[in-house]
Amino acid sequence: MELAREELAKKLKEDFPIFKTGSFAYLDNAATTQKPKQVLEAMEHYYHAENANPLRGLYELSLKATEAYEEAREAVAKFLNAKESAEIIFVRNATEGLNLIAYTYGRAFLQEGDEIMLPVSEHHSNFIPWQQLAKEKGLKLHFLEPNEEGIITEESFRAVLNPKVKLVTMAQVSNVLGNIQDIKLFAKLTHEIGAVFVCDGAQSVPHTKVDVQDLDVDFLAFSGHKLYAPMGIGAVYGKKELLEKMPPFLFGGEMIEYVTKEGATWAELPHKFEAGTVNVGGAVGLTAAISYLNKVGFSFIEEREAELCAYLIEGMEKIPHVHIVGSKDPKRHHGIVTFTIDGVHPHDIAAIFNSNQVCVRAGHHCAQPLMKFLGTPSTTRVSLGLYNTKEDVDAFLAALKTIRGVMGYGE
């Protein structure tokens, strides 16, 4: 079975034109994924045959563009198991989506003295919006600290939860540690005190089947570009009853119902949150990416990434001076492994990998509060995608073995 998955991964890799441009191991999928020809062809067809400004035009091309855009919304709703497509708001990326929630729900419904809970391990995109909102409105932030394996425990969550907490926000999968949090449990506990739960799905939606109704989150945001879709398209899921109460995020064309000199009224959901000309080409690409993922199947994706993670970590643990950050259990990593090497700066590590045609990420990974908590300014991260093979991991491990020698430290 393992051999069959390896062969399938090699076959899938043929769908991605970028891998025909050279010989390299792309292991920076947590930053962005490569795009299959099915996505590129869908976008090319749209711009060749259906491009127009949607939603307002009554001519055939505009109607086709509108249809393509709304079909994308339906595809995302079905993909996340939302109750209806009106619960899906298109944005540029998860960052914009989380800002939308903070600036609209947060400004409208959180009051001075209210409290927000979030882990110290959050990506800056799910940290700074709440930090700034807290400063603006006189809110208090409570920071949850993970255990040695990067997990927020139920005990630590309950210890901070209190009646003043009105919002909890958390990534389902850490972009640094790769661990998955028990979002369903934390959403349940949050709702028991009457607060709302916001989920950052940027690193979970591409790697595991996410069901927003089963999780019972109030909001979830994700980026298309981490999902084998183009950059510049993402989505926010929100429960309809909450979205209807929230004010618009941006003002201008398309999001209005009626405008006078004295004021304006807003369009119905979901369009009141989508001001200006929308990214139909990106939405078409997202539809194609979702279709591609559904054909591949999340059972394959999860099993494949787990098997590659185990192979990766087993190899890393055999190399002296290499330290995996967080859990040593491959099942905890969900395609992401972050590490340090004694005496070698992560930027030097990444440069040496680059000279060996291996693409990894070095730095603080937009998670500086977590870096401070871990006691290190930066790390190196390797992250897997559905097209990665053991050959990619072998190239990574081969380069990893040379790094201290290249830097003059020896083995």
Practice task
Ignoring hydrogens and angles, tell me if any N or O in the side chain of Gln213 forms a donor-acceptor pair with the backbone of Asn81 under 3.5 Å.
Solution key: yes
Handout entry: Leu118 and Asn126, any side-chain heavy atoms less than 4.5 Å apart
Key = no
Problem - Flag side-chain contact, heavy atom, 4.5 Å: Ile290 against Leu227 - result: yes
Fill in the blank from the handout: Interatomic distance, CG@Asp182 vs CG@Leu189, rounded to 0.5 Å, equals 8.5 Å
Exercise for the section: Could you pull out the closest heavy-atom pair between Thr190 and Phe157, with the gap in Å? Expected result: OG1-CZ, 3.6 Å
Practice task
For Lys272 and Met246, indicate whether the former's side chain and the latter's backbone hold a donor-acceptor pair under 3.5 Å.
Solution key: yes
Practice task
Look only at the side chain of His365 and the backbone of Ala367, and say whether a donor-acceptor pair between them is shorter than 3.5 Å.
Solution key: no
Handout entry: Donor-acceptor under 3.5 Å (Glu302 side chain, Thr208 main chain)
Key = no
Exercise for the section: Check whether any side-chain heavy atom of Trp130 lies under 4.5 Å from a side-chain heavy atom of Leu167, and answer yes or no. Expected result: yes
Problem - Shortest non-hydrogen contact between Val217 and Cys199, atoms and distance - result: CG1-CB, 3.9 Å
Exercise for the section: Starting from the C-alpha separation in whole Å, work towards a yes-or-no answer on side chain to side chain contact (heavy atoms under 4.5 Å, CB included) for Asn99 and Phe249. Expected result: CA-CA 9 Å; Asn99 273 273; Phe249 182 42; 4.3 Å; yes
Handout entry: Atom pair CD1/CZ of Ile233 and Arg92 - distance to nearest 0.5 Å
Key = 11.0 Å
Completion exercise
Shortest non-hydrogen pair, Leu384 vs His207, comes out as O-CE1, 3.5 Å
Practice task
Step by step, work out the side chain to side chain contact (heavy atoms under 4.5 Å, CB included) result for Glu6 and Thr389.
Solution key: CA-CA 6 Å; Glu6 174 73 4; Thr389 63; 3.4 Å; yes
Problem - Note, Thr32 side chain near Asp28 side chain (heavy atom, < 4.5 Å) - result: no
Problem - Minimum heavy-atom distance Val76-Leu286, with the two atoms named - result: CG2-CD2, 3.7 Å
Exercise for the section: Decide yes or no for Leu80 and Phe222: does some side-chain heavy atom of the first lie under 4.5 Å from some side-chain heavy atom of the second? Expected result: yes
Completion exercise
When rounded to the nearest 0.5 Å, the distance separating CD1 of Ile403 from CD1 of Ile341 is 4.0 Å
Exercise for the section: Check whether the side chains of Tyr387 and Asp15 place a donor and an acceptor atom closer than 3.5 Å, and report yes or no. Expected result: no
Problem - Presence of salt bridge, Glu241 and Lys245, under 4.0 angstrom - result: no
Exercise for the section: Verify side chain to side chain contact (heavy atoms under 4.5 Å, CB included) between Met407 and His345, making sure each step is shown before the conclusion. Expected result: CA-CA 10 Å; Met407 296 299 296; His345 194 282; over 6 Å; no
Problem - Heavy-atom check, side chain of Glu67 versus side chain of Glu50, under 4.5 Å - result: no
Exercise for the section: Look at Glu70 together with Arg73 and state whether they make a salt bridge at an N to O cut-off of under 4.0 Å. Expected result: yes
Exercise for the section: With side chain to side chain contact (heavy atoms under 4.5 Å, CB included) as the test, would you mind laying out the steps for Ile324 and His333 before giving the verdict? Expected result: CA-CA 11 Å; Ile324 294 170; His333 283 269; 4.0 Å; yes
Exercise for the section: Could you walk me through whether Glu60 and Lys64 pass the salt bridge (Lys or Arg N to Asp or Glu O under 4.0 Å) test, one step at a time? Expected result: CA-CA 6 Å; Glu60 186 177 357; Lys64 285 183 177 180; 3.6 Å; yes
Problem - Ser223 side chain to His225 backbone, donor-acceptor under 3.5 Å - result: no
Handout entry: Residues, nucleotides or ligands: over 12 heavy atoms within 6.0 Å of Lys240 NZ
Key = no
Exercise for the section: Kindly indicate, with the supporting measurements, whether the criterion ring-ring contact (aromatic ring centres under 6.0 Å, His included) is fulfilled by Tyr228 and Tyr292. Expected result: CA-CA 9 Å; Tyr228 309 94; Tyr292 186 84; 7.1 Å; no
Exercise for the section: In plain terms, say whether Glu391 and Lys13 are close enough for a salt bridge, that is, a side-chain N and a carboxylate O under 4.0 Å apart. Expected result: no
Practice task
Would you mind telling me which of Leu220, Val168, Ile116, Thr169 makes a side chain to side chain contact (heavy atoms under 4.5 Å, CB included) with Val198?
Solution key: Thr169
Practice task
State, with a plain yes or no, whether a side-chain heavy atom of Asn175 is found less than 4.5 Å away from one of Arg381.
Solution key: yes
Practice task
Please determine if Glu192 and Lys188 form a salt bridge, counting it only when a charged side-chain N lies under 4.0 Å from a carboxylate O.
Solution key: yes
Exercise for the section: Using atom types as modelled and distance alone, determine if a side-chain donor or acceptor of Gln181 lies under 3.5 Å from a backbone N or O of Ile152. Expected result: yes
Handout entry: Glu307 bridged to Arg304 by N-O distance under 4.0 Å
Key = yes
Practice task
Answer yes or no: does atom NZ of Lys328 have more than 12 heavy-atom neighbours from other residues, nucleotides or ligands under 6.0 Å?
Solution key: yes
Under 3.5 Å, which donor-acceptor pairs link side chains of residues 38-45 to any protein atom two or more places apart or in another chain?
none

Exercise for the section: Please round to the nearest 0.5 Å and tell me the distance separating atom CG of Leu386 and atom CZ of Phe16. Expected result: 5.0 Å
Exercise for the section: Measure from the side-chain N and O atoms of Asn356 to the backbone N and O of Ala399, and report whether any donor-acceptor pair falls under 3.5 Å. Expected result: no
Problem - Lys209 atom NZ, neighbour heavy-atom count above 12 within 6.0 Å - result: yes
Exercise for the section: Taking atom OH of Tyr258 as the centre, report whether more than 12 heavy atoms of other residues, nucleotides or ligands fall under 6.0 Å from it. Expected result: no
Exercise for the section: Start with the C-alpha distance between Phe143 and Phe127, add both sets of side-chain angles, then the distance that settles ring-ring contact (aromatic ring centres under 6.0 Å, His included), and finish with yes or no. Expected result: CA-CA 10 Å; Phe143 295 106; Phe127 194 103; 5.3 Å; yes
Handout entry: Note, Gln203 side chain near Gln172 side chain (heavy atom, < 4.5 Å)
Key = no
Handout entry: Inter-residue atom distance Tyr26.OH - Thr33.OG1, 0.5 Å rounding
Key = 7.0 Å
Exercise for the section: Ignoring hydrogens and angles, tell me if any N or O in the side chain of His271 forms a donor-acceptor pair with the backbone of Glu254 under 3.5 Å. Expected result: no
Practice task
Measure up the Phe396 and Phe339 rings against each other and bin them: parallel (under 30°), tilted (30 to 60°), perpendicular (over 60°).
Solution key: perpendicular
Handout entry: Ring centroid separation Phe19 to Phe24 under 6.0 Å
Key = yes
Practice task
Please report the closest heavy-atom contact between Ala25 and Ala395, naming both atoms and the distance.
Solution key: CB-CB, 4.4 Å
Exercise for the section: Begin with the C-alpha distance, continue with both residues' side-chain angles, and end with the deciding distance and a verdict on side chain to side chain donor-acceptor pair (under 3.5 Å) for Tyr69 and Glu274. Expected result: CA-CA 12 Å; Tyr69 189 62; Glu274 296 176 356; 2.9 Å; yes
Fill in the blank from the handout: Nearest heavy-atom approach of Ala229 to Lys35 is O-NZ, 2.8 Å
Handout entry: Any donor-acceptor N/O pair, His191 side chain to Gly194 backbone, under 3.5 Å
Key = no
Handout entry: Donor on one side chain, acceptor on other, Asp200 and His123, under 3.5 Å
Key = no
Practice task
Tell me whether the centres of the aromatic rings in Trp266 and Phe273 are closer together than 6.0 Å.
Solution key: no
Exercise for the section: Can you label the angle between the Phe79 ring and the Phe298 ring as parallel, tilted or perpendicular, going by 30° and 60°? Expected result: tilted
Problem - Side chain His364, main chain Cys366, donor-acceptor under 3.5 Å - result: yes
Practice task
With rounding to the nearest 0.5 Å, note down the distance linking NE2 in His323 to OG1 in Thr379.
Solution key: 13.0 Å
